[in-house]
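For the numbers below, each heavy atom of this structure counts, side chains included, while hydrogens, waters and symmetry mates do not. Computed from a predicted model, the values in this text were never measured in an experiment. Chain letters run A, B, ... following the sequence lines, proteins first, then strands; residues in each count from 1.
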There are 2 protein chains.
Amino acid sequence: MKDPKLVVGLMSGTSLDGVDAALVEISGSGLSIKARLRHLTSIPFMPDVHQELLKVASGNPISTQTISHLNFLLGALYSEAVFKLCQEARVNLDQIDLIGSHGQTVFHQSEPGLFCGRMLVSTLQIGEASILAENTGITTVSDFRPRDMAAGGKGAPLIPYVDYVLFHNDRLGRILLNVGGIANVTSLSAASELTHIKAFDTGPGNMVMDGLVRRFTGGQKQYDDGGEIASRGKILSSVLEELLASPYFQHPPPKTAGREQFGEDFLTAILKGNQTASFEDLLCTVAELTAQSIAGAIRDFILPQAHMDQLIVSGGGARNPYLLQRLRTALAELELLKSDDLGVPSSAKEAMGFAILANETIHLHPANVPMATGASHAVVLGKVVYGNNYLKLRDGSWRLAEGTLKEKSE
Amino acid sequence: MKDPKLVVGLMSGTSLDGVDAALVEISGSGLSIKARLRHLTSIPFMPDVHQELLKVASGNPISTQTISHLNFLLGALYSEAVFKLCQEARVNLDQIDLIGSHGQTVFHQSEPGLFCGRMLVSTLQIGEASILAENTGITTVSDFRPRDMAAGGKGAPLIPYVDYVLFHNDRLGRILLNVGGIANVTSLSAASELTHIKAFDTGPGNMVMDGLVRRFTGGQKQYDDGGEIASRGKILSSVLEELLASPYFQHPPPKTAGREQFGEDFLTAILKGNQTASFEDLLCTVAELTAQSIAGAIRDFILPQAHMDQLIVSGGGARNPYLLQRLRTALAELELLKSDDLGVPSSAKEAMGFAILANETIHLHPANVPMATGASHAVVLGKVVYGNNYLKLRDGSWRLAEGTLKEKSE
């Protein structure tokens, strides 16, 4: 196989608003991989696509046709993201070796529930890889999560493997902090092995802050740009103390959080209990909740076990200087960096991650981290759909079923 | 790669009532493949699973959870079919090299329709291959149809490739007739090339006969066992003539038929127009419609273009001696055989087919027949999920990511 390879990673997140596409140059495979971002772009979903996705992901009744059509439609939209990426990066499609596509999660249940008389978990990502492989001509790996769940894991998080290959260091202990809606950490002690990674959700990331901004502005603002509003408030200590007493924070890892713990219900309870508090003070307090719950988790569950030197922040929260300042104060013993400082733009990490995971799949390397997902063993993730690039021969003809199908030149 | 290989083919059909599992010994790949059925078994779906599948496939609103859970549940049930197959055939799981799983079709639309402002086709098969790969340890190929549709095909029929590798003959022209709900033919002229295959649906198979039996018996009988009832009736010539005048039969191939043309509406019209006719006579007449529409299609669209010697019947209709007798009379110039006579039990052909198609996939051979599906070109079908068998080394250890994951012995 060619080395280095050009691999595209595609990620569409739970906001259901578009897809990020990363062009990644990858050398090698396995834990000695070298990955470098060449270009990042994204395309937004049209409002009607966003609406259909919302319907499917919301749990409301929909027709099978809607899911089936969305699966094919997203495959087409993802292909367009690849075209745009190549155009912007001035790379020809036929220089790309591989695509890794996370797909759009429309259902994920990692706690077993009864269904037709059996206890079941399941996950469903859509965005048909066959369409990507056909439209781009490039072999495509998709559907990374089901294989980990089949092996008894929660299908998440899958990024710890990526964190390891991108950030592990022989001399420095590093904690990777991703602040999305939920905040999660991956701890990499110096010269650690992949099996010793610890990764878990610390609790709220931007979810509670963003929710509060939307409530107070009636949806006019979606988030507190740069943490500017929070920085003008003061911390309401008794409120903060009460919120930090939530049993989630005391619970030792592994643990995962979501909208069930820190979504609209959590927000409603805060607002109900503090009707006289100002917007600024409440926002400042939940920003502190975010910073303190992250710092507490690191201090309780990571630092006692391994020496750590750096805290490397990615995700939307990395663009909130106020939050970063509070984290720096709460964890003064760690050097705080953004993943950008180490060559991995914080907004690109997940899309880059699925390029890296796809590369592992075609090399038949397991890439889930059982310590992080709870799987009983490591497995090769994903499903491979062959593009025409795997069939292309040097003379420009195609490898087809033994001499019977007409040869087709490019 | 090992040769011959033991490959399992899994097929669950549109009746939504269970899964057929075929153990197939395959030598080689491509058009020189040799395939021999070692064992066939099936497991029925429990009534609650059947009910949930009916809901999903019927087009009624359902939750995304139902599809997602059914996808994982079918993966588990398919695994159990593989276990049962191995047990009955006295073969160990680790002797199996590959699984090809068609999955359960819950949606299929091959005519473009408007969705979110785009003209779309799509198809959706469920039965999570990751569960199969994990539970059995065997590399699994699934989702054969989307890749053909991505290339502009109808995603069906995929069996012509299988018909070709199993039945093509240097000296004899053969027509493969499969009589399921719908009847379809594949024509293989002597020493023909794969690209010259003609394959299309001739019209009703058992669908109209079975429907009539259910209507007249109030659902007490599902079909006319051995054609016994039809054989006691007489053909109502004017009714037959009128039915054969349906434009579908005159339409030249490629063409596909389904419940839209020959389902309940078609049946209701027959019953309405012939309220005084006896059950026996009407059944005899629609049996004749079935035989004559098949014979007519062969005479109009196949025999003028190529010399044919044999008509080889498979599918449920092959177990209806009355229908076979009518076909023999209508096509006296052809030798009528059952596929069983050539070593392929008529009930096993489809499950065997997906074992053969999976074998082609892992050899990177395209296996759709563009002349049959309408695809713009041949493609490698399916998605590959790696089982642990691909990682197992000779010493019983496993190939894992470069020396960092603990070795695990079997």
* Structure fact -> Counting heavy-atom pairs under 4.5 Å with chain B, the top scorer among Ala150(A), Pro61(A), Ser68(A) is Ser68(A)
* **Partner chain A: residue of Lys55(B), His108(B), His196(B), Glu80(B) with the largest heavy-atom pair count (under 4.5 Å)** => Glu80(B)
* To do: Check whether any side-chain heavy atom of Tyr78(A) lies under 4.5 Å from a side-chain heavy atom of Val82(A), and answer yes or no.
  => no
* **Short side-chain donor-acceptor distance under 3.5 Å, Glu134(A) and His377(B)** => yes
* Based on non-hydrogen pairs under 4.5 Å, which of Leu124(B), Ile131(B), Asp143(B), Thr64(B) is most in contact with chain A? -> Thr64(B)
* Please flag which part of Leu381(B) lies under 4.5 Å from any non-hydrogen atom of chain A: side chain, backbone, both or neither. => neither
* To do: Heavy atoms only, distances under 4.5 angstrom: which of Val106(B), Leu73(B), Val49(B) has the most pairs with chain A? Name it, please.
  => Leu73(B)
* To do: Give the minimum heavy-atom separation between Pro112(B) and Met119(B), together with the two atoms involved.
  => O-CE, 3.6 Å
* Structure fact -> Max heavy-atom pairs within cutoff under 4.5 Å with chain B, candidates Val384(A), Asp48(A), Leu70(A), Val141(A), goes to Val384(A)
* Among the listed options Asn135(A), Asn60(A), Val121(A), the residue most often paired with chain B at heavy-atom distances under 4.5 Å -> Val121(A)
* 4.5 Å side-chain heavy-atom contact, His365(A) and Val380(A) -> no
* To do: Without swapping roles, check the side chain of His50(B) against the backbone of Leu16(B) for a donor-acceptor pair under 3.5 Å.
  => yes
* For Thr123(B), is it the side chain, the backbone, both, or neither that has a heavy atom closer than 4.5 Å to a heavy atom of chain A? -> both
* Side chain, backbone, both or neither: which part of Glu128(B) has a heavy atom under 4.5 Å from chain A? -> side chain
* Choice from Val369(A), Asp148(A), Thr66(A), Leu120(A) maximising heavy atom contacts with chain B below 4.5 Å -> Leu120(A)
* Asked: Quick one: does Lys154(B)'s side chain get under 4.5 Å of Arg145(B)'s, heavy atoms only?
  -> no
* How far does NE2 of His69(A) sit from CZ of Phe107(B), to the nearest 0.5 angstrom? -> 4.5 Å
* **Electrostatic pair Glu52(A):Arg118(B) at N-O distance under 4.0 angstrom** => no
* Asked: Which answer fits Ile126(B), side chain, backbone, both or neither, if we ask what part of it has an atom under 4.5 Å from a heavy atom of chain A?
  -> neither
* To do: Heavy-atom distances under 4.5 Å only: say whether Gln109(B) touches chain A with side chain, backbone, both or neither.
  => side chain
